[in-house]
Amino acid sequence: RCYKEKLFTELFTGRTGEWVPKTLIFAKDDNHAEEIVHIVREVFGAGNEFCKKITYRNSEDPKSLIQSFRLDPKFRVAVTVDMIATGTDIKPLEVLIFMRDVKSEGYYEQMKGRGVRTIKDADLKAVTPDAKTKTRFILIDAVGVTEGKKTVSQPLERKRNLSFEQLLNQIAQGRCDVDAFSSLAGRLSALEKKLAPEDIERIVIATGGATLRSIANTLLDVVEPDAVEEAAKGAYGPTPTETQMKQVQEDLADKATAVLTPKVRELLVTIKQKTEMVIADTLADHVTSAGYDLRKAEEKITSWKAFLEANKAEITALQILYNQPYNIRQLSYAQLKELAA
């Protein structure tokens, strides 16, 4: 009620008052979220489209609900536990309301991060018609989350003595300690920033739709106490036992590592090697020769021509090419890159 009363008198004074800014409320658990949804609808005198719950226990598809919250002007308030807490961008979001405490500083910062996403004025206006531009977001602390003591997360990288390939293979073969999961998540996140677009596409295809960021997030869920606790509550109710918490953590670990098939691991190692550049600053370089190597060029052309002739009836790509009229058999550089990939 206080939020509603102050919304257009103190928080968003330049608005018409017709459109509640896109608001995300963090609840303690699924039952708490359900109660909040009912109260919001009652206080604002609005229907089901105005406020909805987005949790793992939704009857509706959560992904569809998230997309609807991004784009639908009628959907103004979303209530969640942890489903939109990390890794999900809702750019028009202007208000975060905390109705739960968070112990982990890293998790809390990620939750706050849902509000900082920038958005073009036209896109904001499409979902909040009386908004001109997003210059800030408002955090409403209903439970003292901003004042509570937080546990500082350790650095993600905790296994510096293991190579990327060793770490990948050990985790895929059953290693599930916190340090290993955290380190691999950190390395995957760092690798993602160096990827070329074609490598991103290759990873998505090989994993069946997963990106390095999503894989890293699932790994971090295994070692994040808040994430494990919320998943356990979703599975076993509001007060899960230590045994149930451990079981949920093991299930999260299995889910996180399922994508790391031998094919995916081999691809990741290959891409990682491609992004690494070793600089040897103790050895002086010297020129051995400069110019085109005509002999090698001729050898490559000859061997390539022989390969084409020998395989034109065996390789599908070559069959397609040779079945075209001679005058349109030219291959573009883009086509060659696609063929190589």
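Just so it is clear, the model here is predicted, and its values are computed rather than measured. Along the sequence shown, the residues carry numbers beginning at 1.
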Within a radius of less than 6.0 Å around CZ of Arg1, do more than 12 heavy atoms belonging to other residues, nucleotides or ligands occur? no
Could you pull out all residues at least two apart from Tyr236 that satisfy ring-ring contact (aromatic ring centres under 6.0 Å, His included)? none
With rounding to the nearest 0.5 angstrom, report the CD to CD1 distance, Glu192 to Ile203. 8.0 Å
Not counting sequence neighbours, which residues clear salt bridge (charged side-chain N to carboxylate O under 4.0 Å, His left out) with Arg41? List them please. none
Using the rule given for side-chain contact (heavy atoms from CB on, under 4.5 Å), can you reason through Phe26 versus Val102, listing the C-alpha separation, both sets of side-chain angles and the distance that settles it, and then say yes or no? CA-CA 10 Å; Phe26 291 113; Val102 184; over 6 Å; no
In terms of side-chain geometry, is the basic nitrogen of Asp199 or Lys274 positioned less than 4.0 Å from the acidic oxygen of its partner? yes
Output yes when Lys120 and Asp123 qualify as a salt bridge under the 4.0 Å nitrogen-oxygen rule, no when they do not. no
Could you grab the distance from atom CG of Asp30 to atom CD of Glu35, nearest 0.5 Å is fine? 11.0 Å
CD/Glu42: more than 12 non-hydrogen atoms of other groups inside 6.0 Å: no
same_hphob_cluster(Val77, Val95) at 4.5 Å side-chain heavy-atom cutoff: yes
Can you measure from CD (Glu165) to CD (Gln170) and round to the nearest 0.5 angstrom? 11.0 Å
Grouping I, L, V, M, F, W and Y whenever their side-chain heavy atoms are under 4.5 Å apart, do Val127 and Phe50 come out in a common cluster? no
Going only through I, L, V, M, F, W and Y residues with side-chain contacts under 4.5 Å, is there a path from Leu93 to Leu11? no
Rounded to the nearest 0.5 Å, how far does CG of Leu96 lie from CD1 of Ile25? 10.5 Å
Applying ring-ring contact (aromatic ring centres under 6.0 Å, His included), which residue pairs with at least one partner in residues 58-83 are found, sequence neighbours left out? Phe69-Phe75
Using side-chain heavy atoms (C-beta onward) and a distance below 4.5 Å, is Phe181 in contact with Asp179? no
Quick one, Leu184 with Leu260, criterion side-chain contact (heavy atoms from CB on, under 4.5 Å). Give me CA distance, side-chain angles, the key distance, then yes/no. CA-CA 12 Å; Leu184 183 58; Leu260 300 176; 4.0 Å; yes
Suppose we screen for side-chain contact (heavy atoms from CB on, under 4.5 Å). Which residues come up paired with Glu201, at least two apart in sequence or across chains? Ile205
What class does the angle between the rings of Phe44 and Tyr3 fall in, given that below 30° is parallel, 30 to 60° is tilted and above 60° is perpendicular? perpendicular
Donor-acceptor contacts under 3.5 Å from residues 140-148 side chains, at least two apart:
residue: Asp141; atom: OD1; partner: Val143; partner atom: N; Å: 3.2
residue: Asp141; atom: OD1; partner: Gly144; partner atom: N; Å: 2.8
residue: Asp141; atom: OD1; partner: Val145; partner atom: N; Å: 2.9
residue: Asp141; atom: OD2; partner: Val145; partner atom: N; Å: 3.1
residue: Asp141; atom: OD2; partner: Thr146; partner atom: N; Å: 3.0
residue: Asp141; atom: OD2; partner: Thr146; partner atom: OG1; Å: 2.6

Do Ile138 and Val43 belong to the same hydrophobic cluster, where Ile, Leu, Val, Met, Phe, Trp and Tyr are linked whenever their side-chain heavy atoms lie under 4.5 Å apart, directly or via other members? yes
Nearest-0.5 Å distance, NZ of residue Lys91 to CG of residue Leu71: 11.0 Å
Please collect all side chain to side chain donor-acceptor pair (under 3.5 Å) contacts where either partner lies in residues 248-263, sequence neighbours excluded, each pair once. Gln247-Asp251
Do the side chain of Gln244 and the main chain of Thr241 share a donor and acceptor less than 3.5 angstrom apart? yes
Does any part of the side chain of Val81, heavy atoms only, come nearer than 4.5 Å to the side chain of Arg100, both counted from C-beta? yes
Any chance you could lay out the side-chain contact (heavy atoms from CB on, under 4.5 Å) test for Leu7 and Phe12, step after step, and finish with the verdict? CA-CA 6 Å; Leu7 195 50; Phe12 295 90; 3.9 Å; yes
Would the distance check show the side chain of Thr23 and the main-chain N or O of Pro21 forming a donor-acceptor pair, the cut-off being under 3.5 Å? yes
Shortest non-hydrogen contact between Arg265 and Ala172, atoms and distance: NH1-CB, 3.1 Å
Could you go through the side-chain hydrogen bond (donor to acceptor under 3.5 Å, both in side chains) check for Thr270 and Gln273 one step at a time? CA-CA 5 Å; Thr270 302; Gln273 289 170 346; 5.1 Å; no
Taking all non-hydrogen atoms of both residues, which atom of Trp19 and which atom of Pro73 are closest, and how far apart? CZ3-O, 3.5 Å
For Ile271 and Leu195, run side-chain contact (heavy atoms from CB on, under 4.5 Å): C-alpha distance rounded to whole Å, both residues' side-chain angles, the deciding distance at 0.1 Å, then the answer. CA-CA 8 Å; Ile271 290 173; Leu195 294 181; 3.3 Å; yes
Membership question, hydrophobic clusters at under 4.5 Å side-chain separation (ILVMFWY): are Ile54 and Met99 in the same one? no
Electrostatic pair Lys233:Asp29 at N-O distance under 4.0 angstrom: no
Glu298 side, atom CD; Ile301 side, atom CD1 - distance, nearest 0.5 Å: 7.0 Å
Are Glu94 and Lys134 within salt-bridge range, i.e. N to O under 4.0 Å? no
Under a plain distance cut-off of 3.5 Å, with no hydrogens placed, do Thr128 and Arg15 share a side-chain donor-acceptor pair? no
So is Arg114 actually on top of Phe98's ring, under 6.0 Å and inside 45° of the axis? no
State whether Lys28 and Glu229 are salt-bridged, where the test is any N-O pair (Lys NZ or Arg NE/NH1/NH2 against Asp/Glu carboxylate O) under 4.0 Å. no
Are Arg295 and Glu299 within salt-bridge range, i.e. N to O under 4.0 Å? yes
